[in-house]
Amino acid sequence: MSQTVEQPSVEQIWDWLDAVPDPEIPVISLVDLGIIRDVAWEGDRLVITVTPTYSGCPATSIINLDIETALRGHGIERLELKRQLSPAWTTDWLSDKGRARLEDYGIAPPQPAGGPDRCPRCHGPNVERLSQFGSTPCKAQWRCTDCLEPFDYFKCI
Ligand SMILES: [Zn+2]
């Protein structure tokens, strides 16, 4: 009767975290966003390493709470959230699945060129910037000159 507590596998934990939506853009998960850097068991304690998207981003504390709530809901009792600031998060860490989901949702995913290469709705290449600032600091407002629809562009940082 030594070890009777079964620990969920690290893969299982990643699956659970992949079901936790980003509070700012709920169409993608925290795992899609690329901010979960590591998941590891240290004895009977689960350690999750998180890199915040923007320092001072108001969503950071919400994200930590969402992670805790989700994992406690799966029966994880001993949990530690580690903040890792370096290397800093960049939009390169967005998963391919996350990028596809953003576009499905009408948000142009970040591009290395610094601007969207096509309209997320009609996929036309003719786009223009309306404003540097969108509905959140991580987004800019663009417009498609083909279908004339405005859309959000997820800014590269
Ligand atoms: Zn369009």
Side-chain angles (χ1 to χ4, degrees), residues 1-121 123 132-142 151-157:
M1 295 291 284
S2 52
Q3 276 288 48
T4 51
V5 182
E6 271 192 45
Q7 283 184 345
S9 67
V10 166
E11 289 74 27
Q12 177 67 71
I13 310 281
W14 277 105
D15 275 356
W16 288 337
L17 291 172
D18 197 27
V20 182
D22 171 37
E24 288 195 345
I25 310 171
V27 69
I28 58 172
S29 77
L30 298 181
V31 173
D32 288 330
L33 194 58
I35 61 165
I36 313 275
R37 302 314 298 163
D38 192 40
V39 173
W41 285 103
E42 288 182 7
D44 62 350
R45 193 166 48 116
L46 183 65
V47 180
I48 312 257
T49 307
V50 181
T51 296
T53 49
Y54 294 85
S55 50
C57 185
T60 304
S61 54
I62 302 171
I63 285 172
N64 285 352
L65 192 65
D66 286 350
I67 292 173
E68 275 193 47
T69 306
L71 294 181
R72 287 194 201 288
H74 286 292
I76 306 288
E77 285 170 7
R78 300 197 60 198
L79 177 64
E80 185 189 336
L81 291 175
K82 269 192 192 159
R83 227 163 105 98
Q84 182 178 291
L85 295 175
S86 174
W89 179 85
T90 85
T91 43
D92 288 349
W93 293 2
L94 274 167
S95 70
D96 289 342
K97 173 163 69 82
R99 286 168 193 273
R101 281 194 194 167
L102 280 176
E103 194 167 38
D104 285 348
Y105 190 61
I107 299 175
Q111 301 298 330
D117 58 351
R118 62 178 188 179
C119 165
R121 293 178 214 276
H123 295 175
Q132 177 75 298
F133 303 100
S135 51
T136 71
C138 344
K139 287 182 264 175
Q141 267 235 307
W142 283 65
F151 61 89
D152 278 333
Y153 168 62
F154 199 125
K155 275 189 274 186
C156 284
I157 55 164

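Starting from 1, each residue takes its place in the sequence as its number. Please read all numbers here as calculations on a predicted model, not as lab measurements. Computed from heavy atoms alone, side chains included, the values below leave out hydrogens, waters and symmetry copies.
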Query raised in the report: Looking at Ile67, Leu71, Leu65, which hits side chain to side chain contact (heavy atoms under 4.5 Å, CB included) with Leu81?
Result: Ile67
Report summary line: Between Pro8 and Ile13, the two heavy atoms sitting closest are CB-CD1, 4.1 Å
**Report entry** Gap separating the CG atom of Leu79 from the NE2 atom of His74, nearest 0.5 angstrom
**Finding:** 12.5 Å
Query raised in the report: If you measure from CZ on Arg121 to CD on Glu103, what distance do you get to the nearest 0.5 Å?
Result: 11.0 Å
Report task. Could you tell me which non-hydrogen atom of Pro52 sits nearest to which non-hydrogen atom of Leu85, and how far apart they are? Result -> CG-CD2, 3.7 Å
Query raised in the report: Relative to the ring of Trp89, is the ring of Phe154 parallel (under 30°), tilted (30 to 60°) or perpendicular (over 60°)?
Result: tilted
Report task. Side-chain contact test, heavy atoms from C-beta onward, threshold under 4.5 Å: evaluate it for Asp66 versus Pro23 and give yes or no. Result -> yes
Query - Rounded distance (nearest 0.5 Å) linking atom CZ of Arg45 with atom CD1 of Ile76 - result: 13.0 Å
Requested in this report: Please identify each residue that fulfils side chain to side chain contact (heavy atoms under 4.5 Å, CB included) with Gln84, with sequence neighbours left out.
Outcome: Arg37, Thr49, Thr51, Pro87
**Report entry** Under 3.5 Å donor-acceptor, Gln7 side chain and Gly43 backbone
**Finding:** yes
Report task. Kindly say whether Leu46 contributes a backbone atom to a donor-acceptor pair with the side chain of Arg78 at under 3.5 angstrom? Result -> no
**Report entry** Whether Asp104 side chain and Arg101 backbone form a donor-acceptor pair below 3.5 Å
**Finding:** no
Query raised in the report: Do Ile35 and Trp93 have side chains that get closer than 4.5 Å, going by heavy atoms?
Result: no
Query - Spatial distance of atom CD1 (Ile28) from atom CG (Leu33) [nearest 0.5 Å] - result: 4.5 Å
**Report entry** Atom pair CD1 (Ile48) and NZ (Lys82), whose distance is rounded to the nearest 0.5 Å
**Finding:** 11.5 Å
Query raised in the report: If you draw a 6.0 Å radius around CD in Gln132, do more than 12 non-hydrogen atoms from other residues or ligands fall strictly inside?
Result: yes
Query raised in the report: Where do Thr53 and Ile63 land on the side-chain contact (heavy atoms from CB on, under 4.5 Å) test, with the steps shown first?
Result: CA-CA 10 Å; Thr53 49; Ile63 285 172; 5.5 Å; no
Query - Distance-minimising heavy-atom pair for Trp14 and Ile36 - result: CH2-O, 3.4 Å
Query raised in the report: Does the side chain of Lys97 come within less than 4.5 Å of Asp18's, by heavy atoms?
Result: yes
Query - Minimum side-chain heavy-atom gap Val50-Leu30 below 4.5 Å - result: no
Query raised in the report: Distance-only, no hydrogens or angles: does the Tyr153 side chain make a donor-acceptor pair with backbone N or O of Gln111 under 3.5 Å?
Result: yes
Requested in this report: Please check if the side chain of Arg99 supplies one atom and the backbone of Pro110 the other of a donor-acceptor pair under 3.5 Å.
Outcome: yes
Query raised in the report: Nearest heavy-atom pair of Ile25 and Asp22: which atoms, and what distance?
Result: N-OD2, 3.0 Å
Query raised in the report: For the residue pair Arg118 and Phe151, what are the closest heavy atoms and their distance?
Result: O-CZ, 4.3 Å
Report summary line: Shortest non-hydrogen pair, Gly106 vs Pro120, comes out as O-CG, 3.5 Å
